[in-house]
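Below: one structure, written as structure tokens.
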Amino acid sequence: MMMNKKVLFALLTAGVLTAVGCQNYPLLQDGSGAQNNTVSLGTILPTEKVFNGIVPCADCSGIETTLQLGKDGAYILGQTYLEAKSEENTFFDTGNWVIQGKKVVLTNQDGKKSYYQMKDDNLVMLDINGQPIQSQFNYELEKVIPKKLVGEYSYFADSAIFTECRTGKLYDASENIDLERGYSKTGIEAGTPAYVEIEGYYTLRPSMEDGLFDNAVIQTGKIRFDKKASCTKK
């Protein structure tokens with residue numbers, strides 16, 4: 001299910017994700033071989049959808065999972081093995097996705113499939129055969145919705161970083177002109193962190209510099225900078 005990072009980078013630079021995002025999606029077939037009305041939701045989603053949760057892990061404390069379903073039919077799956085013994089504990093998988101009945105079907109670059117059951121606005125991970133996992137543990141990923149995010153933003157030489165106050169986690173905040181303008185108006189020296197509250201959400205974005213993916217923050221609403229405040233002093 002998880003792809004070697006160097007291979008993933010090669011696929012990205014070759015434009016595979018662009019090919020995956022083609023808007024002409026054939027109808028899928030059900031188990032009987034007859035066509036049904038299943039089409040890729042990439043053709044009707046107005047924006048990307050992001051789901052996040054921590055699912056069970058056999059040899060770690062849990063797997064933090066982020067699944068981004070792009071409006072173009074491509075997906076990015078990021079999985080971080082929490083408190084894992086191995087140094088390399090974060091993996092990514094990419095491919096395309098479609099809706100089949102009440103299931104979201106992911107097909108990665110190797111042709112391997114994985115399945116999620118729609119449950120209201122959330123998704124529940126299924127087994128390798130697309131059937132419910134018989135377990136008392138929680139395999140549900142919740143839909144990520146815009147909310148108030150509190151952190152410190154810095155911008156220098158086309159590099160924009162948002163540091164979440166609560167966790168200290170870093171998020172890529174590039175290509176957001178509203179945040180850049182708001183930061184500039186504070187009069188703070190470039191590169192100096194500035195306290196900010198924004199309406200937005202967290203997702204994943206390709207990082208062409210190192211061939212991996214970045215955790216990213218997407219601003220969707222109001223922004224409030226306060227150069228007198230900080231994560232330790234509000």
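Worth saying up front: this structure is predicted, and the values here are computed from it rather than measured.
Looking at Tyr195 and Arg224, their side chains come closer than 4.5 Å, going by heavy atoms from C-beta outward. By the 4.5 Å heavy-atom criterion applied to side chains, Lys49 and Lys143 are counted as neighbours. Side-chain contact between Glu197 and Asp226 is absent, with no heavy-atom pair separated by less than 4.5 Å. In this structure, Phe91 and Tyr81 have side chains that are in contact, with non-hydrogen atoms separated by less than 4.5 Å. Residues Leu179 and Ile223 are in side-chain contact: their nearest non-hydrogen atoms beyond the backbone lie under 4.5 Å apart. By the 4.5 Å heavy-atom criterion applied to side chains, Val144 and Glu142 are not counted as neighbours. Taking the side chain as every heavy atom from C-beta outward, Pro206 and Phe213 approach each other to under 4.5 Å. Considering only heavy atoms from C-beta on, Val150 stays 4.5 Å or farther from Arg166 through its side chain.
Atom CG in Asn89 sits 10.5 Å away from atom CD in Glu64 (nearest 0.5 Å). A distance of 9.0 Å separates OG of Ser174 from CG of Asp158, quoted to the nearest 0.5 Å. Note that the CG atom of Leu77 and the OG1 atom of Thr65 stand 6.5 Å from one another [nearest 0.5 Å]. To the nearest 0.5 Å, atoms CG (Leu170) and OG (Ser154) are separated by 8.5 Å. Between atom OH of residue Tyr116 and atom CG of residue Leu69 there is a gap of 9.5 Å, rounded to the nearest 0.5 Å. Rounded to the nearest 0.5 angstrom, Ser61 OG and Leu82 CG are separated by 4.5 Å.
The hydrophobic cluster containing Val217 does not contain Leu212, counting ILVMFWY residues as joined when their side-chain heavy atoms lie under 4.5 angstrom apart, directly or transitively. When hydrophobic clusters are built by joining Ile, Leu, Val, Met, Phe, Trp and Tyr residues whose side-chain heavy atoms come closer than 4.5 Å, directly or via intermediates, Phe162 is grouped together with Phe225. In the hydrophobic clustering of this structure, Leu106 groups with Ile133; members are Ile, Leu, Val, Met, Phe, Trp, Tyr whose side-chain heavy atoms approach within less than 4.5 Å, directly or through other members. At a threshold of 4.5 Å between side-chain heavy atoms, the hydrophobic network of Ile, Leu, Val, Met, Phe, Trp and Tyr places Ile161 and Tyr155 in two separate groups. Residues Leu141 and Ile128 are members of separate hydrophobic clusters, defined by side-chain heavy-atom contacts under 4.5 angstrom among Ile, Leu, Val, Met, Phe, Trp and Tyr.
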Donor-acceptor contacts under 3.5 Å from residues 185-192 side chains, at least two apart:
unit_1	atom_1	unit_2	atom_2	d
Thr186	OG1	Tyr183	O	2.5
Thr186	OG1	Ile188	N	3.3
Thr192	OG1	Glu189	O	3.1

**Request:** Using the side-chain contact (heavy atoms from CB on, under 4.5 Å) rule, take Asp93 and Gln79 through it: C-alpha gap first, then chi angles, then the decisive distance, then the call.
**Result:** CA-CA 9 Å; Asp93 192 34; Gln79 295 177 305; 6.0 Å; no
**Item:** Residues Glu199, Lys148; criterion salt bridge (charged side-chain N to carboxylate O under 4.0 Å, His left out); working and verdict
**Value:** CA-CA 5 Å; Glu199 179 184 316; Lys148 179 181 176 181; over 6 Å; no
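A pairwise comparison of heavy atoms in Glu175 and Glu180 identifies N-OE2, 4.3 Å as the closest pair. Considering all non-hydrogen atoms of both residues, Tyr75 and Thr107 come closest at CE2-O, 3.7 Å. The two atoms that bring Phe137 and Pro56 nearest to each other are CB-CG, 3.3 Å, heavy atoms only. Taking every heavy atom of both residues into account, Gly151 and Cys165 meet most closely at CA-SG, 3.5 Å. Between Glu152 and Pro193, the closest heavy-atom pair is OE1-CB, 3.8 Å. Between Ala173 and Asn176, the closest heavy-atom pair is O-CB, 3.9 Å.
Side-chain contact, Tyr201 with Glu48: a donor N or O sits under 3.5 Å from an acceptor N or O. With hydrogens and angles left out, the side-chain atoms of Glu140 and Asn122 include a donor and acceptor closer than 3.5 Å.
Of the possible polar contacts, one joining the Asp72 side chain to the Ala74 backbone as a donor-acceptor pair under 3.5 Å is found. Looking at Asn108, its side chain does come within 3.5 Å of a backbone N or O of Asp110 through a donor-acceptor pair.
The neighbour count for Ile177 CD1, taken as heavy atoms of other residues, nucleotides or ligands under 6.0 Å away, is above 12.
For Leu204, the side-chain contact (heavy atoms from CB on, under 4.5 Å) criterion is met by Thr66, Gln68, Ile76, Phe92, Asn215, not counting sequence neighbours. Contacts of Tyr171 classified as ring pair (Phe, Tyr, Trp, His ring centres under 6.0 Å), with partners at least two apart in sequence or in another chain: Tyr202.
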